[in-house]
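Here's the structure, in C-alpha cells; my notes come after.
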Number of protein chains: 2
Amino acid sequence: MPGRCRGEGGQFRPRWKRGMRFTLRPALLLLLAEGDSHGYELMDQLDSIGFDSNELDSSIVYRHLRDMEEMGFIHSTWDDDSKGPRRRVYQIKEAGASRLCGWLESLDHVRGQIEILQKRYQNIKEQEEKK
Amino acid sequence: MPGRCRGEGGQFRPRWKRGMRFTLRPALLLLLAEGDSHGYELMDQLDSIGFDSNELDSSIVYRHLRDMEEMGFIHSTWDDDSKGPRRRVYQIKEAGASRLCGWLESLDHVRGQIEILQKRYQNIKEQEEKK
DNA sequence: GCTTACTATCTGCTTTTTGTCAATAGATGA
DNA sequence: TCATCTATTGACAAAAAGCAGATAGTAAGC
C-alpha cells in the first residue's frame, strides 16, 4: 500500500518532508483564522490538514509563528491562567488574513502545477502500456 | 485581477517564488520521462508546467539536473553535433522513473493539503458573510 | 573585422530556510 | 523523587535558493 512505485526502495535520503513545509505557514494562519490558539495546540491541529506530527519538529512550528508575528501577520499574548507552563496565545491580525488569502492563491497555482504533472504522467503510462 | 485579496499591497517581501521550487525536480523528471532534453530546452519546456521562466534562474535548473545525476536518477552525454555551444543532453534512468512516481505520490498528498486549506478557508468566509 | 544578441553551461559567494538537538520549566501522578 | 506530559526557546549545522558573472560557440548586421 505505501507506494505503487516499483523499485522505490533503497538508499534515497528523504529530502521530502522538507520542502513540504511551504504549506505550513498557510496552514498555521488558517488555524488561527478559525480561532486563537497556542503553538502546542496548533501542532495537534495541524494533522487535520495532513501534517504528520511525528515528522514535524515543534521548533519549526514555533519559529514560523515568531516569524509571522515579526511580519505583523499575527499577535501573541501570554496566558498565565492555564495549567502547566505558560502559553503564548496567538491571534490573527488583519494583515495576516489578507496574507492568508494571497498565499492560498499561490497554493492554487501550485495545485494546478501538480495536476498538470499528474495528467502528463498518466499519459506517459498509457503510452507505455500500448507498446 | 491579480489578487482578490483585500489589503494585500504594501511592504510584504515576497518570500514566495522562492520555496515554491519543490515542484521543480518532479517537473524536470517528468519532462525527461517524456523525452531526452538539455538544460536550456528544459527551461523553456517548464513553462508548460506553470513555471514562469522570468522568475526562474537558470543556475537553479542546472544545479538540480547535476544533483539528480549524482543521485543516479538521470544520465547525461555531451552533444557536439548541434549548432552553437555544446549541450549536455539528459535522459531519465530507471531509478529516476521510480523516484518520479514516488514524488508524484508526495505531491498528491500536498494537493490534498491544499484542497483542505481551500475548503476550510471557504467555510470561514461563509461564516463571516452570515454575520 | 567588430559588435550585438542568442544559445548553452558552469562556478562562486551570500542569504534564507530547514533540520536537529538539547535546554528550560511548570504540573501531575506513581 | 522520578518520570512524563505540557509548553516554549536557542544554538548550530546543513540544505536550498538567489544573484552575479565567467566562458564560449554561432549568427546577423554594419
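Lettering of chains follows the sequences in order, A, B, ..., and the numbering in each one begins at 1.
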Measure from CZ on Arg66(A) to C1' on dT18(C) and round the result to the nearest Å.
14 Å
How many Å lie between CD1 on Ile60(A) and P on dT20(C), as a whole number?
7 Å
May I ask you to verify if any side-chain N or O of His64(A) is less than 4.0 angstrom from the OP1 or OP2 atom of dT17(C)?
no
So if I apply the side-chain contact (heavy atoms from CB on, under 4.5 Å) rule between Tyr90(B) and each of Met68(B), His38(B), Glu41(B), Glu69(B), which one comes out positive?
Glu69(B)
Does Ser59(B) contact dT9(C) through a side-chain donor or acceptor facing the base, at a distance under 3.5 Å?
no
Assess whether side-chain contact (heavy atoms from CB on, under 4.5 Å) is satisfied between Phe22(B) and Leu107(B), documenting all intermediate values.
CA-CA 9 Å; Phe22(B) 86 108; Leu107(B) 287 180; 3.4 Å; yes
Closest approach of Asp80(B) and Arg86(B), non-hydrogen atoms and distance?
OD1-NE, 2.9 Å
Can you tell me if Arg66(A) and Ser76(A) form a side-chain donor-acceptor pair at under 3.5 Å?
no
Check DNA chain C against residues 82-91 of chain B and give the residues with a non-hydrogen atom under 4.0 Å, in numerical order.
Pro85(B), Arg86(B), Arg87(B), Arg88(B)
Leu65(B) has an atom CG; how far is it from atom C1' of dT11(C), in whole Å?
16 Å
In whole angstrom, what separates His38(A)'s NE2 from dT6(D)'s P?
10 Å
Rounded off to whole Å, could you give me the CG-to-P distance for the Asp57(A) and dC21(C) pair?
9 Å
Among dA17(D), dT9(D), dA7(D), find the nucleotide with the atom closest to the side chain of Trp78(A).
dT9(D)
Between dA16(D) (C1') and Phe22(A) (CZ): distance, integer Å
15 Å
Taking all atoms of both residues into account, what is the closest heavy-atom pair of Ile74(B) and Leu65(B), and its distance?
CD1-O, 3.4 Å
Between dC10(C), dC12(D), dT9(D), which nucleotide gets closest to the side-chain atoms of Arg63(A)?
dC12(D)
Send over the distance from Glu41(B) CD to dT7(C) C1', rounded to a whole Å.
12 Å
Considering the options Arg99(B), Lys93(B), Arg25(B), which one meets the side-chain contact (heavy atoms from CB on, under 4.5 Å) requirement together with Met71(B)?
Arg25(B)
Of the listed dA17(D), dT11(C), dA7(D), the closest approach to the Tyr40(A) side chain comes from dA7(D)
With a 4.5 Å limit on heavy-atom distance, are the side chains of Leu32(B) and Gln91(B) in contact?
no
dG18(D), dA7(D), dC10(C): which one has an atom nearest the side-chain heavy atoms of Tyr62(B)?
dC10(C)
Rounded to whole Å, the CD-C1' distance (Glu69(B) to dT9(C)) equals 13 Å
